[in-house]
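Whatever order the structure lists ligands and atoms in, that order sets their numbers, starting from 1.
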Amino acid sequence: MAYRNLEIANRGAVRTITVNRPDKLNALNRETLNELTLAFTQASQDDAVRVVVLAGAGEKAFVAGADIAEMHGYSPVQAQGFSRTGQRLMSLIERLGKPVIARIQGFALGGGMELAMACHLRIASEKAKFGQPEINLGLIPGFGGTQRLLRLAGRGAALELCLSGGLINAQRAYELGVVTRVVAAEALDETVDGLADQLAQAAPLAAAAILDAVLQGGETTIDQGLEFETQAFALAFSTEDMREGTTAFLEKRKAVFHGR
Ligand code: COA
């Protein structure tokens with residue numbers, strides 16, 4: 001299917017979804033949010049896709065935020081719908097059941113930072129810039145930023161970024177735990193592709209269980225989280241992938257996982 005605001009590419013089991021509005025720094029209007037929701041739904045349903053990379057077109061921005069021109073005319077009811085649409089997309093990405101890597105080469109601001117934080121792994125170029133500048137517009141983050149930044153970086157960093165509206169560089173984002181790796185701009189594609197290829201070869205059911213356990217664990221008590229881990233661990237013993245993985249180890253060969 002053709003999208004107006006996205007580009008989709010497949011490389012083996014890695015699907016790259018690129019927000020493609022570079023003249024607007026890939027700002028998220030309603031249509032783009034809807035297309036992203038469709039694209040991620042399709043990726044979740046396609047067994048041939050094992051990893052998703054989310055990127056922004058052009059050199060300058062991953063995504064520079066929600067579309068301010070579109071939001072300018074919103075009524076509170078429209079704003080509520082916009083926020084809910086964005087939040088549902090972020091939750092869809094977070095709960096996709098397959099690893100999602102954000103490739104961040106430039107600005108990841110407002111809704112762009114929120115989109116990146118909904119991904120499981122964030123690889124940033126040293127040129128990337130992050131921020132929640134909504135307060136400068138008399139607004140607050142509306143796609144989960146107050147909640148995911150709090151969980152990723154803690155209360156102090158969440159309040160400082162959201163209240164100041166200031167930008168931070170990739171190194172500071174790394175120090176705060178907002179990005180998982182910072183690399184030279186020239187090394188960004190190689191790093192993202194390498195990680196995506198590695199994750200694409202991992203056992204898919206085990207990957208899904210790890211994503212689930214870590215995400216659920218962040219929202220439960222340690223005892224509930226440990227119990228969830230035990231159940232998921234036991235369930236892994238019912239999979240062909242577990243037989244293949246352990247047999248391959250004992251036979252000193254590389255395992256090939258089929259997600260069964
Ligand atoms: N929504 C809508 N349009 C946006 C946008 C956004 N969030 N961010 C950038 N754009 C548009 C600009 O309006 C401009 O469009 P135009 O050429 O039709 O005028 C184009 O993208 C290029 O942006 P520009 O501001 O000219 O680039 P810059 O290099 O001077 O500045 C930024 C880059 C990121 C600092 C600046 O664009 C910016 O502050 N963007 C808004 C960030 C923000 O507040 N995000 C949170 C929104 S809730």
* Between R243 and E240, is there a salt bridge with N-O shorter than 4.0 Å? -> no
* Asked: Are any of the protein's heavy atoms under 4.0 angstrom from atom 26 (O) of ligand 1, yes or no?
  -> no
* Asked: For ligand 1, which atoms sit closer than 4.0 Å to a heavy atom of P133?
  -> 43 (C), 44 (O), 45 (N), 46 (C)
* **Proximity to ligand 1 by part of A27, non-hydrogen separation under 4.0 Å** => side chain
* Do you see a protein non-hydrogen atom under 4.0 Å from atom 45 (N) of ligand 1? -> yes
* Asked: Considering distance alone, does some N or O of E134 sit under 3.5 Å from an N or O of ligand 1?
  -> no
* Shortest non-hydrogen contact from N20 toward E7 -> ND2-OE2, 3.3 Å
* To do: For R21 and N26, test the side chains for any donor-to-acceptor distance below 3.5 angstrom and give the result as yes or no.
  => no
* **atom 33 (C) of ligand 1 touched by protein heavy atom at under 4.0 Å** => yes
* Structure fact -> Looking only at protein heavy atoms, what sits closest to atom 7 (N) of ligand 1 is A66 O, 2.9 Å
* **Separation between CG of L235 and OG1 of T230, rounded to the nearest 0.5 Å** => 12.5 Å
* Asked: Heavy-atom count around L250 CG within 6.0 Å, excluding the residue itself: above 12?
  -> yes
* **For atom 28 (P) of ligand 1, closest protein heavy-atom neighbour** => K60 NZ, 3.6 Å
* Examine A64 against ligand 1 and note whether any of their N/O atoms are separated by less than 3.5 Å. => yes
* **Within-cutoff protein neighbour (heavy atom, under 4.0 Å) for atom 13 (O) of ligand 1** => no
* At the 4.0 Å heavy-atom cut-off, does G111 count as touching ligand 1? -> no
* Structure fact -> heavy-atom search around atom 17 (O) of ligand 1 in the protein gives D23 O, 4.4 Å
* **With sequence neighbours excluded, residues passing ring pair (Phe, Tyr, Trp, His ring centres under 6.0 Å) with F257** => none
* Which value, rounded to the nearest 0.5 Å, describes the distance between T85 atom OG1 and L36 atom CG? -> 12.0 Å
* Asked: Does a side-chain N-to-carboxylate-O contact under 4.0 Å join K127 and E59?
  -> no
* To do: Provide, to 0.1 Å, the distance between atom 38 (C) of ligand 1 and the closest protein heavy atom, together with that atom's residue and name.
  => L109 CD1, 4.8 Å
* With a cut-off of 6.0 Å (strictly less than), are more than 12 heavy atoms of other residues, nucleotides or ligands near CD of Q171? -> yes
* **Minimum-distance protein heavy atom relative to atom 35 (C) of ligand 1** => F107 CZ, 4.1 Å
* From atom 30 (O) of ligand 1, is the closest protein heavy-atom distance below 4.0 Å? -> no
* Identify, for atom 36 (C) of ligand 1, the protein heavy atom at the shortest distance, and state residue, atom and that distance. => L25 CD1, 4.6 Å
* **Within-cut-off N or O pair, I68 and ligand 1, under 3.5 Å** => yes
* ligand 1-proximal atoms of M71, by part, heavy-atom distance under 4.0 Å -> side chain
* Flag for N29-T32: side-chain donor and acceptor within less than 3.5 Å -> yes
* To do: Could you check atom 15 (O) of ligand 1 against the protein and tell me its nearest heavy-atom contact, residue, atom and distance included?
  => K24 NZ, 3.4 Å
* Could you pull out the closest heavy-atom pair between N136 and G165, with the gap in Å? => ND2-O, 3.4 Å
* Lys/Arg-Asp/Glu bridge criterion (N-O < 4.0 Å) met for R103, D189 -> yes
